[in-house]
Every structure is written in C-alpha cells, then in structure tokens.
Visitor: 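Please read through the structure below; I'll follow up with questions.
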Amino acid sequence: MVDENTDRQVLDAMRQCGADLTKPAHTLHYLYFRSLEAAQVAADELRMKGYEVDVRDSPGGSLMQQTSGESQFCCVAETRAGPAEADVFATTKYMNALAERHGGEYDGWEASVEK
C-alpha cells in the first residue's frame, strides 16, 4: 500500500530535480489486479473520473504479486495533475481504496518534472 510517506519521497525527488510543483505534470498511476474483469471495472471507474486508462497483462507486476506467482493485470491511469501535497495525498487515498475494493493493489505513481 502506498502511503503519505511514499508520496513525500516522490515529491522530494521531484523538487530535487527542479520541479515546479505548482504546474500540472503528466502523471501515471499503477494498479494491479488478479483478474482482467477486476482491472476493467477499476478502469471504468477511473475513466469516469477523467483518467485515460490502459489495461494490460502484467507478467512482472507488483512486488507482492511477483512473490505470490499469481496472474495479474495492470491498470495504468494517466492524467495531468498538479502535484500539490494535499492533492497527491487525496489521490493516493482514492487509488488505494479503489484497488482494495476490487481485490487489487495500488503500486504508486510517477510524474514528469515540469520547470
């Protein structure tokens, strides 16, 4: 599960690279699910919230699923968002809840460095 400490580490790394955190950044979120159906339902919810979403088979997947050897499907949600700390925390909370609701795992996010 991704938490606020993880978010702070990503934000700190972005700052160290010179990112202006007031500017919208190209942002990707990674969610993993055990079934294609669960990934597709989560993708539909994300699309309704304005994300562009790609669902794909993911042989590597998250660390938790790598160790279990289970099949998995990756849901990559893409958007442009301002990486302000409060917004990032709220998004992480939403992504964790979405993944949990559908038996999956939120594996975190990454964003472009906008200067």
Side-chain angles (χ1 to χ4, degrees):
M1 174 185 279
V2 177
D3 60 19
E4 290 181 1
N5 289 328
T6 305
D7 288 339
R8 283 189 187 99
Q9 290 173 353
V10 175
L11 291 169
D12 287 345
M14 292 175 71
R15 280 186 201 96
Q16 289 174 8
C17 290
D20 179 345
L21 300 182
T22 65
K23 292 184 178 179
H26 178 235
T27 306
L28 300 172
H29 297 272
Y30 301 94
L31 301 96
Y32 293 90
F33 299 91
R34 292 184 178 98
S35 73
L36 178 58
E37 295 78 19
Q40 289 172 332
V41 169
D44 288 343
E45 288 186 37
L46 288 162
R47 286 183 188 107
M48 288 190 299
K49 290 192 77 67
Y51 290 89
E52 290 183 34
V53 184
D54 182 33
V55 175
R56 58 184 88 142
D57 186 22
S58 182
S62 67
L63 181 60
M64 182 178 82
Q65 291 179 332
Q66 285 175 18
T67 58
S68 72
E70 296 176 6
S71 295
Q72 53 206 330
F73 298 87
C74 182
C75 187
V76 180
E78 184 174 358
T79 192
R80 287 198 64 80
E85 189 173 270
D87 296 334
V88 169
F89 291 169
T91 300
T92 292
K93 184 177 179 180
Y94 168 76
M95 293 291 181
N96 279 318
L98 175 68
E100 187 175 324
R101 229 180 9 261
H102 298 291
E105 176 186 13
Y106 177 50
D107 199 35
W109 60 280
E110 62 182 84
S112 62
V113 172
E114 303 297 325
K115 296 182 179 190

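Note that the numbering runs from 1 along the sequence shown for the chain.
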Visitor: Please check if the side chain of Asn96 supplies one atom and the backbone of Val2 the other of a donor-acceptor pair under 3.5 Å.
Guide: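 A pair under 3.5 Å: yes.
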
Visitor: Write down the atom of Gly104, the atom of Phe33, and the distance for their closest heavy-atom approach.
Guide: CA-CD2, 3.6 Å

Visitor: What is the distance from atom NZ of Lys115 to atom CE of Met14, rounded to the nearest 0.5 Å?
Guide: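 Nearest 0.5 Å value for the NZ-CE distance: 11.0 Å.
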
Visitor: Tyr106 and Met1: same hydrophobic cluster, using ILVMFWY side-chain contacts below 4.5 Å?
Guide: no

Visitor: Taking the side chain as everything from C-beta on, heavy atoms only, tell me whether Cys74 gets closer than 4.5 Å to Tyr32.
Guide: yes

Visitor: Taking the side chain as every heavy atom from C-beta outward, state whether Thr27 and Pro83 have any pair of such atoms under 4.5 Å apart.
Guide: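 Answer no - side chains too far apart.
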
Visitor: Within the structure provided, determine whether His102 and Glu45 are in side-chain contact (heavy-atom separation under 4.5 Å).
Guide: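 Of all side-chain heavy-atom pairs linking Glu45 with His102, at least one is under 4.5 Å.
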
Visitor: Kindly indicate whether the side chain of Arg8, heavy atoms from C-beta on, has any atom under 4.5 Å from the side chain of Glu85.
Guide: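 They are in contact (side-chain heavy atoms under 4.5 Å apart), so the answer is yes.
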
Visitor: On a heavy-atom basis, which atom in Ala43 and which in Val53 lie closest, and how many Å separate them?
Guide: CB-CG1, 3.5 Å

Visitor: Among residues at least two apart in sequence or on other chains, which ones pass ring-ring contact (aromatic ring centres under 6.0 Å, His included) with Tyr30?
Guide: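 Result, ring-ring contact (aromatic ring centres under 6.0 Å, His included) vs Tyr30: none returned.
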
Visitor: Got a second to check how far Arg80's CZ is from Lys23's NZ, nearest 0.5 Å?
Guide: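 Interatomic distance, Arg80 CZ to Lys23 NZ, rounded to 0.5 Å: 10.5 Å.
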
Visitor: I need the Cys75 SG to Leu98 CG distance, nearest 0.5 Å.
Guide: 7.5 Å

Visitor: Which atoms form the tightest heavy-atom contact between Gly18 and Val113, and what is the distance?
Guide: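 Closest approach of Gly18 to Val113, heavy atoms only: C-CG1, 4.3 Å.
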
Visitor: Not counting sequence neighbours, which residues clear side-chain contact (heavy atoms from CB on, under 4.5 Å) with Thr91? List them please.
Guide: His29, Tyr51, Met95

Visitor: If you look only at pairs with a residue in residues 86-100, which of them pass as a salt bridge (charged side-chain N to carboxylate O under 4.0 Å, His left out), with sequence neighbours excluded?
Guide: none

Visitor: Is any side-chain heavy atom of Val88 closer than 4.5 Å to one of Trp109?
Guide: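 Result yes, sub-4.5 Å side-chain heavy-atom pair found.
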
Visitor: Following the transitive rule for hydrophobic clusters with a side-chain heavy-atom cut-off under 4.5 Å over Ile, Leu, Val, Met, Phe, Trp and Tyr, establish whether Leu31 and Tyr94 coincide in one cluster.
Guide: yes

